[in-house]
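Presented below is the structure to which this report refers.
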Amino acid sequence: MSNTEQFSAIDYSAFPNAEGHFGPYGGRFVSETLIYALDELESIYFKLKDDPGFQAEFDKDMAHYVGRPSPLYLAERWTRELGGAQIYLKREDLNHTGAHKVNNTIGQALLAKFTGKSRVIAETGAGQHGVATATVAARLGLKCRVYMGAEDVKRQALNVYRMKLLGAEVFPVTSGSRTLKDAMNEAMRDWATNVDDTFYIIGTVAGPHPYPQLVRDFQSIIGREARRQCLEQAGRLPDALVACVGGGSNAIGLFHPFLTDESVKMYGVEAGGLGIETGKHAAPLNKGIPGVLHGNRTYLMEDENGQIIETHSVSAGLDYPGVGPEHSWLKDIGRVNYVAINDDEALAAFRKVTKTEGIMPALESSHALAYVEKLAPTMSKDQIIIANLSGRGDKDILTVAGLDGITV
Amino acid sequence: MSRISQHLSQAKTAGKKILVAYVVNGDPYPQATLPTLHAMVEQGVDVIELGVPFSDPMAEGPVIQKGHERALEHHISLRGTLELVKQFRTTNNTTPVVLMGYANPVERFGYAEFAKAAADAGVDGLLTVDLPPEEVVVLKGELDANGLDNIFLLAPTTTLERAQKIAAYASGFLYYVSLKGVTGAGHLDVNAVKEKLAGFGQLTDLPVCVGFGIKDPETAKAVAVLADGVVVGSVLVEKMGSMADKSATDIAAAVGDIVGSIRVAIDSI
């Protein structure tokens, strides 16, 4: 059986199964206190996900609050420079709040509204998911607390202030490595304590079931639009999809509606940091092994004793030792190719696309664009790549300036 | 009969409440643990619950998190913890030892390899905080094959129906989490515990011990009245953390004193 036949035979909608497993990955690895909350979330989500009223409200918010559909833009000048495949950018950077994160927070906030819970919590790394959560909480009048590693609070002062302006409380987490993974631990602890009135808005396709599924479903609007737009604009399906993978929500969102399209190759781009060989990276699918963290089994970066190790990436949004369980499964079955791009390559792509197309991508998205730089020249001019421009780079200007030795 | 069941049924016959005490292996430094375990036994502990340090202890409050961090500074591992139990067993072959920790170090060790090594080291049971019954099936098979008890948590949010399922999986004893929250939290409500335990008590013959938020002899006594026993942890870990610059003998004595005072309180029921 060829891979092609294998992929067409898979019913991707049957994953996860009823227990939340994608093959050996996913599941529900949490302490007993949270099982009830996850059962409740699951039953509400399964009741509402195909409910026309819920869908209509989600679609309305996507159109009028987020500004969807986001454009699929042919980057002509960049395409000409690279001299290979035509490059289309899915412009998630043009969403309200500046990234794909809001697709998911709108969806989960609607769930929170239907559950009647008055308080939402979230974890955040760079602050994009925190801002997107604070935004929807402001709009729905929900109390909001965002957990953020104390290191990240220092590095991302602008987003911290943004969240505060939106009325959220930002709680700096000083345990462990004081970054995103520790913020997620702390949010889980809060949830266990305040489970009666609190809805936990997880920002990526990781965590215990049903989060990987429901976040994927909300983010799949990206791929559904891109598929339709590509057919309309180019008259055919793309040949390749490229997206960055931290937890992996923008990538799953783009990939999922194309999984049964045999001819579409997919590339998930992890953060290679200073180089995979240096150990200073955030690329569990490239260099990790399966384990259990944050409620799911997935590829992780850990030491020989099973302790989670610290990661490195120039991009805070990719600086996470795990990855969504569906990606682990898609890697194992060979449907998606997972590659890595180093800090310097991502920064070069950031500058290149900014100067060539007048679009300043987030450093996370710049990892995907850096891979496009490698991939496009190997393809013919009649082929098509869609890259997910998952967020805008305004938030990264100070980081880039700092690397240039400039104080803004 | 496992060492846990044997020991706990003896306690029951004698009409005594069960005292389970938790410390983190290697906290605040590796040499402190062994004398502390012996001191706890001298002061009347029934079951030692030995924490296996993990980088991401999701269910722990700040006190025990810091205990894990202190132990990890000394690179204490699951393997090292089995070594410690082996050492403990050279002079104590009666007090049950349960390892309490998180799934990933056990996954990394390998389920079958771990179960065998743990049994060989003299471990009696395992409580894996993030392995609910749904995810424990494979590991449980290995634990059963090696005569190790599988200890499970019950929570205030656990329905009776689910508690029944958990009780069917469990052996040794059941650990009731007294409150919605993390270890060492300060909002234990004795009446709420009473109500919930009354329901669970009907479901199982296993002893039910109550933990999370038991800070002093008074609370221990109030809770022990309602259950088969109590679990204390944060109060011991806090003491050990505050004595990081003291000798192992001093730490063991101080922890033993706390355990002793709780023993006296629950024996006065």
Side-chain angles (χ1 to χ4, degrees), chain A residues 18-21 24 26-40 173-178 181-198 207-209 289-298 300-310 321-322, chain B residues 52-62 65-66 68-69 72 75-81 101-110 114 127-138 152-159 162-163 166 174-177 179-183 185-187 212:
Chain A
E19 286 77 44
H21 293 136
R28 200 176 258 187
F29 295 82
V30 295
S31 71
E32 180 59 26
T33 311
L34 290 176
I35 295 283
Y36 176 81
L38 292 168
D39 280 343
E40 182 188 56
V173 176
T174 55
S175 57
S177 59
R178 306 151 74 97
K181 78 174 177 71
D182 309 284
M184 197 151 176
N185 291 333
E186 207 55 38
M188 290 275 189
R189 293 175 186 127
D190 179 313
W191 199 30
T193 306
N194 301 295
V195 62
D196 293 326
D197 71 344
T198 297
H209 178 66
I289 69 160
V292 172
L293 179 70
H294 292 151
N296 62 125
R297 181 179 285 124
T298 192
L300 298 175
M301 291 184 50
E302 57 175 70
D303 69 13
E304 69 282 4
N305 292 312
Q307 308 294 352
I308 307 307
I309 57 177
E310 286 184 32
Chain B
V52 182
F54 182 49
S55 52
D56 294 79
M58 234 166 58
E60 312 298 347
Q65 284 172 44
K66 288 202 182 75
H68 282 241
E69 286 176 18
L72 285 174
H75 307 288
I76 300 297
S77 63
L78 180 54
R79 241 166 249 283
T81 303
Y102 292 80
N104 203 50
V106 182
E107 292 247 329
R108 187 66 195 242
F109 204 114
F114 166 75
L127 196 176
T128 322
V129 178
D130 52 352
L131 281 180
E134 291 81 357
E135 304 289 359
V136 87
V137 183
V138 179
F152 283 99
L153 300 173
L154 296 172
T157 51
T158 306
T159 60
R162 186 175 164 80
I166 294 173
L174 284 163
Y175 184 144
Y176 178 66
V177 175
L179 45 81
K180 291 170 192 156
V182 292
T183 49
H187 53 277
F212 281 42

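Residue numbering restarts at 1 for every chain, and letters A, B, ... go by the order of the sequence lines. These values consider heavy atoms only, across backbone and side chains, with no hydrogens, waters or symmetry-generated copies.
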Side chain, backbone, both or neither of Ile308(A) within contact of chain B (heavy atoms, under 4.5 Å): both
Using non-hydrogen atoms only, which part of His294(A) is less than 4.5 Å away from chain B: side chain, backbone, both, or neither? both
Heavy-atom distance under 4.5 Å to chain A: side chain of Leu153(B), backbone, both or neither? both
Atom CE in Met58(B), atom CH2 in Trp191(A): separation rounded to 0.5 Å? 10.0 Å
So, the part of Ile289(A) with a heavy atom under 4.5 Å from chain B: the answer is side chain
Begin with the C-alpha distance, continue with both residues' side-chain angles, and end with the deciding distance and a verdict on side chain to side chain contact (heavy atoms under 4.5 Å, CB included) for Glu69(B) and Ser175(A). CA-CA 9 Å; Glu69(B) 286 176 18; Ser175(A) 57; 3.7 Å; yes
Less than 4.5 Å apart, side chain to side chain, heavy atoms only: is that true for His187(B) and Thr193(A)? yes
What residue, out of Thr174(A), Asp39(A), Asp196(A), has the most heavy-atom pairs lying under 4.5 Å from chain B? Asp196(A)
Chain A contact via Pro62(B) - which portion, at a heavy-atom distance below 4.5 Å: neither
If I measure from the heavy atoms of chain A, does His68(B) come under 4.5 Å with its side chain, its backbone, both, or neither? neither
Any heavy-atom pair between the side chains of Val177(B) and Glu32(A) that's under 4.5 Å? no
What part of Asn194(A) gets within 4.5 angstrom of chain B, counting heavy atoms only: side chain, backbone, both, or neither? neither
Residue Ile76(B) versus chain A: region with a heavy atom under 4.5 Å: backbone
By a 4.5 Å heavy-atom criterion (distance strictly below it), what part of Leu72(B) contacts chain A: side chain, backbone, both, or neither? side chain
Most contacts with chain B, counted as non-hydrogen pairs under 4.5 angstrom, among Glu19(A), Met188(A), Arg28(A): Arg28(A)
So does Arg297(A) pair up with Glu107(B), basic N to acidic O under 4.0 Å? yes
Applying side-chain contact (heavy atoms from CB on, under 4.5 Å) between Thr33(A) and each of Thr157(B), Leu154(B), Leu179(B), Val182(B), report the one that passes. Thr157(B)
Closest heavy-atom pair and its distance - Gly306(A), Phe54(B): O-CE1, 3.3 Å
Does a salt bridge link Arg108(B) with Glu302(A), judged by any charged N lying under 4.0 Å from a carboxylate O? yes
Rounded distance [0.5 Å steps], CD1 in Ile166(B) versus CD1 in Ile35(A): 8.0 Å
Can you measure from OG (Ser77(B)) to CG (Asp303(A)) and round to the nearest 0.5 angstrom? 9.0 Å
Crowding at CD, Glu134(B) (>12 non-hydrogen neighbours, <6.0 Å): yes
OG on Ser31(A) to CG on Leu127(B), rounded to 0.5 Å: 10.5 Å
Before you tell me yes or no, could you show the steps for Glu304(A) and Arg79(B) under side chain to side chain contact (heavy atoms under 4.5 Å, CB included), namely the whole-Å CA-CA distance, both residues' side-chain angles and the distance that decides it to 0.1 Å? CA-CA 11 Å; Glu304(A) 69 282 4; Arg79(B) 241 166 249 283; over 6 Å; no
